[in-house]
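Accompanying notes for the structure given below.
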Amino acid sequence: MNNPPAETLPYLSSRLLDRMAISTVDMVDEIERQIVGQRRGEVWCAPKAVVLPGDDRYIMATLGVASTPPVLATKSLVVNPRNAGRGLPTLNSLITLLDAETGLPLALVDGNWVTEKRTAALSAVAARRMARGDASSLAFIGCGVQARGHLEAFADHFPLREIRAFGRGTANRDALCQMARSRGLDAVPCDTARAAIEGADMVVTTVTLVPKPEPFLDANWLKPGSFAVMTDQALPWLRETMPRFDRIIVDDLEQERNMAKPMVDPALVVGDLTGLVCGDFAGRESPGETTAFVFRGLAVGDLAVAGLVYVRAQAAGRLGLRKRRERVSV
């Protein structure tokens with residue numbers, strides 16, 4: 001791969017990435033391809049590293065290496081609820097891309113954009129196999145950035161007709177409903193989480209992790225045959241109700257073994273995303289099964305999406321931008 005001079009390392013900003021209009025289907029396909037690459041020994045990822053300073057900050061890093069394209073991606077991320085008082089997003093992150101052969105720098109990528117897209121795409125990878133193909137209603141618990149990303153991805157993969165939305169604030173909830181209506185969907189703002197969940201074909205929970213949420217979601221509210229995505233490590237769910245699920249998978253079994261506390265009781269987990277994609281087990285065995293995908297975040301998702309946008313930007317001639325705002329000095 002051609003390596004740019006380090007003093008003019010390209011920065012792929014969210015504005016640039018939005019203009020490239022890469023479809024969610026392409027992102028999901030690329031994540032699946034790289035997951036299969038892990039099984040074949042062509043992609044290597046380390047378990048995510050987490051630092052908790054004890055002051056409500058959540059600091060995390062991921063590392064992944066691919067053979068095709070030959071890139072090394074590292075993501076550094078800080079979640080800090082105090083950022084709201086500074087007029088900043090609660091979550092901020094950056095992805096560094098290196099040539100996997102030489103180690104020379106290729107680009108920096110807006111980590112917030114990749115985090116939003118890859119999280120929803122990882123959920124869609126699981127949903128393709130664990131949700132019913134005719135799922136038409138989707139409930140959101142949490143209505144922020146991640147909910148918007150999931151709405152986009154799930155609307156592209158399922159015959160959605162309706163969303164229900166419940167969140168702590170009405171502004172995000174109403175914005176999510178408006179986004180759904182702009183896609184021709186019915187949107188129902190809900191005053192309680194139970195009202196949103198009951199009767200929904202699919203449920204996505206994206207409750208913020210800091211400060212740590214108190215459990216308030218009951219799996220017994222779910223209807224038979226539904227599918228739930230928990231991007232929030234299942235922290236808002238009442239642990240004693242989790243046996244309600246017939247089938248639960250996590251993103252990475254090895255990563256879970258390295259964590260101080262499992263997201264859910266390991267006895268309830270049938271496998272991980274790699275096993276699901278590679279066909280080691282079925283995501284759903286009957287229409288009436290209630291299934292769930294619980295995850296922390298997976299390095300292969302960051303690697304796949306960041307590598308994809310870099311290759312697309314390179315092919316489109318976007319890495320040679322002369323505007324100074326699209327570059328950073330190092």
Side-chain angles (χ1 to χ4, degrees), residues 17-18 20-38 45 62 64 113-165 176 179-180 183 185 200-206 225-234 247-252 271-279 281-284 289-309 312:
L17 295 170
D18 282 339
M20 290 170 59
I22 299 173
S23 73
T24 61
V25 173
D26 284 351
M27 293 184 208
V28 172
D29 288 346
E30 180 63 8
I31 288 176
E32 291 190 0
R33 189 180 72 83
Q34 298 290 21
I35 286 174
V36 173
Q38 283 186 286
C45 295
T62 66
W113 190 95
V114 171
T115 298
E116 174 189 345
K117 302 297 183 182
R118 73 86 159 119
T119 304
L122 284 167
S123 296
V125 169
R128 279 178 167 180
R129 296 160 176 83
M130 301 188 76
R132 292 177 51 141
D134 60 355
S136 61
S137 58
L138 175 61
F140 289 97
I141 308 300
C143 301
V145 171
Q146 284 299 337
R148 294 192 291 273
H150 279 75
L151 173 57
E152 180 182 12
F154 278 54
D156 288 344
H157 283 85
F158 292 92
L160 290 185
R161 293 197 299 268
E162 176 192 88
I163 74 155
R164 298 115 175 247
L176 183 67
M179 178 181 174
R183 298 192 63 133
L185 306 176
D201 296 327
M202 299 184 290
V203 177
V204 174
T205 67
T206 58
S226 60
F227 167 67
V229 169
M230 307 172 191
T231 73
D232 41 33
Q233 303 177 23
R247 191 175 303 265
I248 297 175
I249 74 162
V250 297
D251 42 1
D252 187 84
D272 62 14
L273 198 59
T274 297
L276 181 69
V277 170
C278 293
F281 56 89
R284 172 179 292 274
E289 278 193 329
T290 305
T291 60
F293 175 43
V294 185
F295 68 113
R296 301 176 184 273
L298 200 57
V300 71
D302 296 316
L303 171 67
V305 173
L308 175 64
V309 300
R312 293 285 181 89

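Note that CG of Leu298 and CZ of Arg118 are 7.5 Å apart. Values are rounded to the nearest 0.5 Å. In this structure, CZ in Arg164 is found 10.0 Å from CD1 in Ile141, a value given to the nearest 0.5 Å. Note: Ile249 CD1 to Met130 CE = 4.5 Å, rounded to the nearest 0.5 Å.
Not a single salt bridge (Lys or Arg N to Asp or Glu O under 4.0 Å) links Asp18 to another residue, sequence neighbours left out. For Glu152, the salt bridge (Lys or Arg N to Asp or Glu O under 4.0 Å) test picks out Lys117, with sequence neighbours left out. Legend: residues meeting side-chain hydrogen bond (donor to acceptor under 3.5 Å, both in side chains) with Ser226, ordered by chain and number and at least two apart, are absent. Applying the side-chain hydrogen bond (donor to acceptor under 3.5 Å, both in side chains) test to Arg247 and every residue at least two apart in sequence or in another chain returns Glu285, Glu289. Judged as a salt bridge (Lys or Arg N to Asp or Glu O under 4.0 Å), and not counting sequence neighbours, the contacts of Arg132 are Asp134. Applying the side-chain hydrogen bond (donor to acceptor under 3.5 Å, both in side chains) rule to Thr205 yields the partners Asp232, Trp237; only residues at least two apart in sequence or on another chain are considered.
Listed here is the closest heavy atom pair of Ala131 and Met202: CB-SD, 3.9 Å. When all heavy atoms are compared, the tightest approach of Ala200 to Ser137 is CA-OG, 3.5 Å.
Side-chain N or O atoms of Asp272 include none that pairs as donor or acceptor with a backbone N or O of Val250 at under 3.5 Å.
In this model, no donor atom of one side chain and acceptor atom of the other lie less than 3.5 Å apart for Thr206 and His150. A side-chain N or O of Gln34 and one of Glu30 form a donor-acceptor pair less than 3.5 Å apart.
By the 4.0 Å N-to-carboxylate-O rule, Arg183 lies close enough to Asp156 to be salt-bridged with it.
Between Leu122 and the options Val28, Thr231, Asp251, Leu273, a side chain to side chain contact (heavy atoms under 4.5 Å, CB included) holds for only Leu273.
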